[in-house]
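Below, chains carry the letters A, B, ... as their sequence lines are ordered, and counting in each starts from 1.
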Amino acid sequence: MLDPFTTRIIEVIKSIPEGRVATYGQIAAMAGDPRATRQVVWVLRSLSEKENLPWHRVINSKGAISLSGEGYDAQRRALEAEGVRFSGNGTVVLDLFQWRGQSRD
DNA sequence: GCCATGGCTAGTA
DNA sequence: GCCATGGCTAGTA
């Protein structure tokens with residue numbers, strides 16, 4: 001069984017709307033512990049498939065994709081396919097695409 | 001570029 | 001120990 005905090009992380013990730021991104025730290029904070037960024041990473045790595053998470057919508061605080069190689073390509077394609085645009089330096093402009101939470105979407 | 005953070009995992013005894 | 005982080009500092013130009 002999953003502990004409550006892990007469950008909240010999953011809920012937050014699932015609520016990122018299509019075409020928006022969220023950062024690891026943001027998800028941790030929304031789930032209730034701003035320091036739990038590493039747990040967010042763990043959830044993404046180990047539960048993405050089982051829980052059907054929109055893992056590709058999670059990026060780092062600089063707006064960059066943290067994966068490399070194949071993973072980078074897959075994530076970038078998935079994001080571009082739903083309308084997220086990348087600037088010249090290969091990062092997402094967070095001001096434009098970062099999800100700000102339920103109310104502001 | 002360095003390091004605090006926190007929870008899991010692999011691998012040894 | 002490992003990390004799909006993040007934030008702050010030192011040191012160069």
Side-chain angles (χ1 to χ4, degrees):
Chain A
M1 215 15 215
L2 297 169
D3 67 272
F5 184 61
T6 300
T7 304
R8 285 202 298 278
I9 291 177
I10 289 171
E11 293 305 310
V12 173
I13 295 172
K14 281 186 171 171
S15 54
I16 307 168
E18 194 178 319
R20 315 302 302 263
V21 295
T23 69
Y24 300 92
Q26 173 189 358
I27 291 165
M30 283 174 146
D33 184 352
R35 297 166 305 176
T37 57
R38 264 38 237 228
Q39 281 78 265
V40 174
V41 169
W42 180 81
V43 167
L44 253 9
R45 291 194 354 172
S46 42
L47 303 176
S48 278
E49 189 166 9
K50 185 175 287 281
E51 299 290 334
N52 224 346
L53 302 179
W55 60 273
H56 60 281
R57 308 212 258 250
V58 186
I59 62 180
N60 69 31
S61 64
K62 300 185 189 79
I65 287 175
S66 291
L67 295 176
S68 54
E70 291 283 308
Y72 176 91
D73 295 337
Q75 185 167 4
R76 179 159 181 161
R77 276 196 305 271
L79 285 173
E80 286 178 328
E82 57 186 40
V84 175
R85 315 287 302 282
F86 288 73
S87 51
N89 60 8
T91 68
V92 172
V93 179
L94 290 177
D95 285 341
L96 298 179
F97 294 103
Q98 183 173 22
W99 176 50
R100 314 257 166 200
Q102 328 279 348
S103 49
R104 277 171 283 184
D105 116 315

Taking only residues two or more places apart in sequence, or in another chain, which ones meet A:R76 in a salt bridge (charged side-chain N to carboxylate O under 4.0 Å, His left out)?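 By the salt bridge (charged side-chain N to carboxylate O under 4.0 Å, His left out) rule, A:R76 matches A:E80.
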
Set of salt bridge (charged side-chain N to carboxylate O under 4.0 Å, His left out) partners for A:R45, sequence neighbours left out: none

For A:W42 and A:I9: C-alpha separation, side-chain torsions, deciding distance, then whether side-chain contact (heavy atoms from CB on, under 4.5 Å) applies. CA-CA 10 Å; A:W42 180 81; A:I9 291 177; over 6 Å; no

Is there a side-chain contact between [X] and [Y], using heavy atoms and a 4.5 Å cut-off?
X     : Y     : result
A:I13 : A:P54 : yes
A:S15 : A:W99 : yes
A:L47 : A:L2  : yes

Near DNA chain B, which residues from [range] have a heavy atom under 4.0 Å away?
range                     : answer
residues 7-16 of chain A  : none
residues 77-84 of chain A : none
residues 51-68 of chain A : none

Distance-only donor-acceptor hits, side chain of residues 30-39 of chain A, under 3.5 Å, sequence neighbours excluded:
unit_1 : atom_1 : unit_2 : atom_2 : d
A:D33  : OD1    : A:R35  : N      : 3.0
A:D33  : OD1    : A:R35  : NE     : 3.4

Donor-acceptor contacts under 3.5 Å from residues 84-94 of chain A side chains, at least two apart:
unit_1 : atom_1 : unit_2 : atom_2 : d
A:S87  : OG     : A:N89  : OD1    : 3.0
A:S87  : OG     : A:T91  : O      : 3.1
A:N89  : OD1    : A:T91  : N      : 3.1
A:N89  : OD1    : A:T91  : OG1    : 2.8

Listed partners of A:A81 passing side-chain contact (heavy atoms from CB on, under 4.5 Å), at least two apart: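 Partners of A:A81 by the side-chain contact (heavy atoms from CB on, under 4.5 Å) criterion come out as none, since no residue qualifies.
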
For A:E18, side-chain contact (heavy atoms from CB on, under 4.5 Å) partners two or more places apart: A:R57, A:E82

Above 12 or not: heavy atoms from other molecules or residues under 6.0 Å from NZ of A:K62? no

Side chain A:Q26, main chain A:T23, donor-acceptor under 3.5 Å: yes

Positive for side chain to side chain contact (heavy atoms under 4.5 Å, CB included) with A:V12, one of A:V43, A:V58, A:T7, A:I27: A:I27

Just the dot-bracket of DNA chain C, please: which string comes out with Watson-Crick or G-U pairs under 3.5 Å, [ ] for crossing, | for another strand? |||.||||.....

Applying side-chain hydrogen bond (donor to acceptor under 3.5 Å, both in side chains), name anything that partners A:S48, two or more places apart in sequence or on another chain.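 In terms of side-chain hydrogen bond (donor to acceptor under 3.5 Å, both in side chains), with neighbours along the sequence ignored, A:S48 is linked to no residue.
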
Review item, nucleotides 1-8 of chain B N/O atoms under 3.5 Å of protein N/O:
unit_1 : atom_1 : unit_2 : atom_2 : d
B:dG6  : OP1    : A:R35  : NE     : 3.1
B:dG6  : OP1    : A:R35  : NH1    : 2.6
B:dG6  : OP1    : A:R35  : NH2    : 3.4
B:dG7  : O4'    : A:Q39  : OE1    : 3.3
B:dC8  : O3'    : A:W42  : NE1    : 3.2

Closest non-hydrogen atom pair, A:A22 against A:I16: CB-CD1, 3.7 Å

